[in-house]
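What follows is one structure encoded as structure tokens, with my remarks underneath.
Computed from heavy atoms alone, side chains included, the values below leave out hydrogens, waters and symmetry copies. By convention in this document, chain letters (A, B, ...) are assigned in the order of the sequence lines, proteins followed by strands, and residues within each chain are numbered from 1.
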2 protein chains.
Amino acid sequence: MAFARLAILPTYKVVSDTIEREILAGRLTAGDILPTETELADQFGVTRHTVREGIRILEQSGLVRREAGRRLYVAEPHYGDLAPRLSRAMVMQRVTFRELWEVSMDLEPSAAAHAAARIDANRLALLRANLVATEEALAAGVSIIPLDVAFHILVAEAAANRALLLAREPVTQLFYPALERLFTHPKTAHLSPRRLVDAHHRIVEALADGDADVAREWMRKHIVDFRRGYDTAGLDLDDALDPAAAPPARPPARR
Amino acid sequence: MAFARLAILPTYKVVSDTIEREILAGRLTAGDILPTETELADQFGVTRHTVREGIRILEQSGLVRREAGRRLYVAEPHYGDLAPRLSRAMVMQRVTFRELWEVSMDLEPSAAAHAAARIDANRLALLRANLVATEEALAAGVSIIPLDVAFHILVAEAAANRALLLAREPVTQLFYPALERLFTHPKTAHLSPRRLVDAHHRIVEALADGDADVAREWMRKHIVDFRRGYDTAGLDLDDALDPAAAPPARPPARR
DNA sequence: CATTGTTCGTTTGTTGGACAATTGAAATAT
DNA sequence: ATATTTCAATTGTCCAACAAACGAACAATG
């Protein structure tokens, strides 16, 4: 007979797995304060340093959180915690604009359609405010890309689908910054962002009307335009993205 | 006037950020061996413990890897490393079957369509083998869900879009296991998985023919069927998923 | 009375040094 | 040349200590 390979894990990994299991099983729930590092070390029968290494792992998956120097508590992992890592993974794998565009073509129109059915007055107001701000940025001649990113996030959030939000987030983080290059590119200097803003207006109107089909269709045209701009600029769809596009991990809250 | 919050980071975080920056900037590339912990500690002017905590963070994002007890090297983060964490995040946020289904309705048909244009002979052979295995499982009366999951992954890989692959992976990891409940549910016992297998056959044929429209359409029907089954079983689309569905992080390679 | 300073116990962040276990490679024996 | 035995290098873990930051409670200040 033969024995299977023994799964020998370093102690710090066992520590993180053990705590993780308690959280996933629901015996520890969001907001619960964990024991202090010293207590954990005593309970597990290991050194505090080993516990600390385990904690570092848990923090990375967003299962626990600590606000600088304070006690550790259980948290619900938020997609925003994980999306930057995904974006970096894509950059390192030299994902192309075409790949991002294809996914956006699937998810963004769909998000708009769902949003039409589910949007509330509050978020609609935020979208209208975004339109105003975009018009102002346009008039002032500053970049509208950040506002464009915000627009698409608002629409996606209005779709009330967290799986969708999570799926599109890392794509968005790379997709829209890639457009910055577009609007500052010499060959597209003549291209007015007017068309982009008009599409946004149409989409918001459709959302306000609750018209899913129109919302979907305008979003589709809007995403198609991005690709068209890319072509017009003479950029190669199949070039890898600029590594500088990788978003920085946001600093932890510190209050 | 008001001052901005000071960005004071713990040393271990500075360590991980610094190494990360070198990797992202391309000054360290995949396969490079990092200095030993002691050397890093000397170079940074901190203790080895502090370096180790920083390393734990980098390992989690997949940027560096270490095979148990050996030197640290730079790695390309693979989506497989990150997807489980995303799945867990969704479970903890009590994502519903409806949300997963909506995203699948967007991504799976699209993946099939792209695959029709890009699939190679090798992967087509794998898909055919999957069909055979599924028929056998069906005849033997064992669960076909694992094979179903494998089928959809093969199709998605054939689409040659890593952003798509990354976006759908965490959804898939939860979606298909949820179907296990379906086929073992008393109310759907009469439902034959025959329909599922037929759809798979149609899709593979369409891929072999390079017919994107047919591939997309059959995949669409296939995903619609899942929802229909869910309704038939009398399960509530808007119930949170079973927490037990959260996939375990796979143990690290250890050779 | 609101703000500022003081003190104190608790907890995290970081350091130092130590050692067993494992690994990779060099040196030795067969 | 191949197998075996050292041996130095490196990781994983431990123990002990202290500085820094925080929370709270309370005194002092204007």
Side-chain angles (χ1 to χ4, degrees), chain A residues 3 5-20 28 31-75 249 251-255, chain B residues 1-20 28 31-60 62-75 249 251-255:
Chain A
F3 289 103
R5 170 171 293 279
L6 294 176
I8 296 170
L9 296 175
T11 311
Y12 59 81
K13 184 69 179 147
V14 177
V15 167
S16 71
D17 284 351
T18 304
I19 298 176
E20 176 181 317
L28 287 170
D32 287 0
I33 304 286
L34 288 176
T36 66
E37 295 180 353
T38 314
E39 283 169 350
L40 284 174
D42 286 346
Q43 292 178 22
F44 287 129
V46 300
T47 302
R48 190 161 78 93
H49 186 70
T50 306
V51 170
R52 282 175 66 82
E53 290 193 35
I55 289 173
R56 290 291 97 77
I57 295 176
L58 290 174
E59 277 181 334
Q60 283 304 103
S61 44
L63 287 176
V64 307
R65 200 161 301 179
R66 136 173 305 153
E67 270 135 26
R70 246 167 297 173
R71 290 284 294 275
L72 210 58
Y73 63 92
V74 179
R254 209 188 156 84
R255 13 170 314 102
Chain B
M1 72 156 297
F3 289 101
R5 171 172 297 278
L6 294 176
I8 296 169
L9 296 175
T11 312
Y12 61 80
K13 184 71 179 145
V14 177
V15 167
S16 72
D17 284 352
T18 304
I19 298 176
E20 176 181 319
L28 287 171
D32 287 0
I33 304 287
L34 288 177
T36 66
E37 295 181 353
T38 315
E39 282 169 351
L40 285 174
D42 286 346
Q43 292 178 23
F44 287 129
V46 300
T47 303
R48 194 160 74 94
H49 288 310
T50 308
V51 169
R52 283 176 65 82
E53 291 192 34
I55 289 174
R56 290 291 99 77
I57 294 177
L58 289 173
E59 278 181 335
Q60 283 304 103
L63 287 176
V64 307
R65 202 162 299 177
R66 137 173 302 153
E67 270 134 26
R70 245 168 298 175
R71 292 284 294 274
L72 210 58
Y73 63 93
V74 179
R254 209 188 157 83
R255 17 166 304 103

Start at the 5' end of DNA chain D and walk down; is the nucleotide closest to Tyr12(A) or to Arg48(A) reached first?
Tyr12(A)

Base dG16(C) to side chain His49(B), donor-acceptor N/O within 3.5 Å cut-off:
yes

Output the rounded distance in Å from CD1 (Ile55(A)) to P (dT12(C)).
7 Å

Kindly say whether Thr50(A) contributes a backbone atom to a donor-acceptor pair with the side chain of Thr47(A) at under 3.5 angstrom?
no

Distance check: side-chain N/O of Arg66(B) vs OP1/OP2 of dG12(D), anything under 4.0 Å?
yes

May I ask you to say what Thr47(A) touches in the nucleic acid, namely base, sugar-phosphate or nothing, with a heavy-atom cut-off under 4.0 Å?
base

Side chain to side chain contact (heavy atoms under 4.5 Å, CB included) filter on Asp42(B), not counting sequence neighbours, yields Thr38(B)

Rounded distance (Å) that lies between atom P of dG12(D) and atom CG of Leu9(A)
12 Å

When the distance from CD1 of Ile33(B) to C1' of dA25(C) is rounded to whole Å, what number comes out?
15 Å

Between atom CD in Glu53(A) and atom P in dT12(C), what is the gap in whole Å?
16 Å

Mind calculating the distance between CZ (Arg71(A)) and C1' (dA21(D)) to the nearest angstrom?
15 Å

With the threshold set at 4.0 Å, does a side-chain nitrogen-carboxylate oxygen contact exist between Arg66(A) and Glu37(A)?
yes

Over how many whole Å does the gap from Leu72(A) atom CG to dT10(C) atom C1' extend?
15 Å

Of the listed nucleotides (dT11(D), dT11(C), dG13(C)), which one gets closest to any side-chain atom of Thr38(B)?
dT11(D)

Arg56(A) vs dG13(C): side-chain N/O to OP1/OP2 distance below 4.0 Å
yes

Starting from C1' on dG12(D), measure out to CZ on Phe44(A) and report it in whole angstrom.
18 Å

Any side-chain N or O of Thr50(B) under 4.0 Å from OP1/OP2 of dT15(C)?
yes

Phosphate-side-chain proximity, Thr11(A) and dT13(D), N/O vs OP1/OP2 below 4.0 Å
yes

Distance in angstrom units between Leu40(A) CG and dT12(C) P, rounded:
8 Å

Is it the case that the side chain of Arg65(A) and the backbone of Tyr73(A) share a donor-acceptor pair, with hydrogens and angles ignored and the cut-off at 3.5 Å?
no

From the options dT13(D), dT15(C), dT10(D), select the nucleotide whose nearest atom is closest to the side chain of Arg52(B).
dT13(D)

Taking side chain to side chain contact (heavy atoms under 4.5 Å, CB included) as the definition, give me every residue that meets it alongside Glu53(B), ordered by chain and number, with sequence neighbours left out.
His49(A), Arg52(A), Glu53(A), Arg56(A), Tyr12(B)

